[in-house]
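In what follows, a single structure is set out as structure tokens and then discussed.
First listed ligand is number 1; within each ligand, the first listed atom is number 1. Below, all heavy atoms of this structure are taken into account, side chains as well, without hydrogens, waters or symmetry copies.
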Amino acid sequence: MKITDVKIFVCSPGRNFVTVKIYTDQGLTGIGDATLNGREKAVVAYLEDHLVPLLIGRDAARIEDTWQYLYRGAYWRRGPVTMAAIAGIDMALWDIKAKAAGMPLYELLGGASRDRLMCYGHAQGGDIAEAVESVGALIDEGYRAVRVQSGIPGLPPVYGADGTSTNGAAENALPREELWSTSKYLRHAPKLFEAVREAHGWDVELLHDVHHRLTPIEAARLGKDLEPYRLFWLEDAVAAEHQEGFRLIRNHTTTPIAVGEVFNTIWDARLLIEEQLIDYIRMTSVHAGGITPMRRIADFAGLHNVRTGAHGAMDMSPICLASNIHLGFWVPNFGIQEYSGYSEETLEVFPGTWSMADGHLYPGHGPGHGVEFDEDLAERYPFERSYLPVNRLEDGTLWHW
Ligand code: GCO
Ligand code: MG
């Protein structure tokens, strides 16, 4: 089965998405997600100018060889732009292979290891009371696991607390600037979780995202202070570049640690997994280079008692979510799947067979990954430049976001 054409689509049904569509001489097509929030067009150029010409005439069935050809064959390896571009192609090829086999993707990966995937939703509030209420609303909707973020006294709204941070910045404007104080945050976070446990008890799993803002010793202290509230995980406690820093965190706290949403190859996670410095690896199909490397990463993690917890914010398209759901349905060491939902417009452009009910995700059982792309509708939502926010300390120093 030969690849006859590859098209790249950029659309913005609520936010920007990059979609790869591969056509074959047997009439089968497949689609993949190649979205890199805030740097979408760089991936489009990488695909159109450099990868698409390499694909025409290749055997669509040779997924592994194509992945190696694009990764090793480039000489210049790794990086978020490269890996998102390769991921879009890889997902589309797995979609084609599963359609050709007449199977849902999870069957090709090894078959179901479970009946449903626990997912976590996002609770947020300007202050503790609002966050506590937001957790309650998610519990009422059936969620068994909730990520909790709240505003910090003395600071304007921070990441994850006002519902706008993950939507990028205003159209065609400069990135929104946030303000950060580590000492204010460290005093506040334990109070937030104390209040949530007091209001909602111990049956709900609680998660928290620090968004790379602490140093290792600060993260160690936070982990310790949060121990009484038994978190499911503490995410991105330090900048992901600080691999050795995780040793220090590990030595000081039993709070489970998650990291990896910004990783793009297995090499970013090697030390953390081999030394069991983390409990959950957050790598996701689109930013890790596709389904082919995600299988290897998951198996490598499984050898070291690390479970999966794939990044699933709304800035990855439903194709990425569906790929993660199929992977999670198969992978023996599944932990949890992030799920932040999609706008109605997004779901109309990317209709899919996956579903969410009672705090769990389910894959579609038809052939492929089960997500379609409505090209005509997508044309009504042209690309809109948008940035993630940036973050500064109170004295103006640029800080991690
Ligand atoms: C999460 C993430 C997101 C990211 C966003 C970046 O845990 O869901 O931290 O909020 O910031 O996906 O594009
Ligand atoms: Mg995160």
Have E338 and H122 got a donor and an acceptor in their side chains that come within less than 3.5 Å?
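Yes.
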Any idea which atoms of ligand 1 are less than 4.0 Å away from a heavy-atom of [X]?
{"X": "R282", "answer": "1 (C), 7 (O)"}
{"X": "Y159", "answer": "1 (C), 2 (C), 3 (C), 7 (O), 9 (O), 10 (O)"}
{"X": "R147", "answer": "1 (C), 7 (O), 8 (O)"}
{"X": "W401", "answer": "11 (O)"}

The test is side-chain hydrogen bond (donor to acceptor under 3.5 Å, both in side chains); show your working for T292 and W94 and say whether it passes.
CA-CA 9 Å; T292 299; W94 277 101; 3.0 Å; yes
Does NZ or CZ of R230 come closer than 6.0 Å to the centre of the six-membered ring of W202, within 45° of the ring's axis?
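Negative - R230 is either too far from the ring of W202 or too far off its axis.
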What N/O/S atom of D209 is the closest to the Mg ion (ligand 2)?
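The nearest such atom is OD2.
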Restricting E261 to its N/O/S atoms, the closest one to the Mg ion (ligand 2) is OE1
Where does the angle between the aromatic ring planes of H242 and H400 fall among parallel (under 30°), tilted (30 to 60°) and perpendicular (over 60°)?
perpendicular
Please state whether the rings of Y159 and H211 are parallel, tilted or perpendicular, taking 30° and 60° as the class boundaries.
tilted
Counting backbone and side-chain atoms alike, is an N, O or S atom of E235 positioned under 2.8 Å from the Mg ion (ligand 2)?
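E235 does place an N, O or S atom closer than 2.8 Å to the Mg ion (ligand 2).
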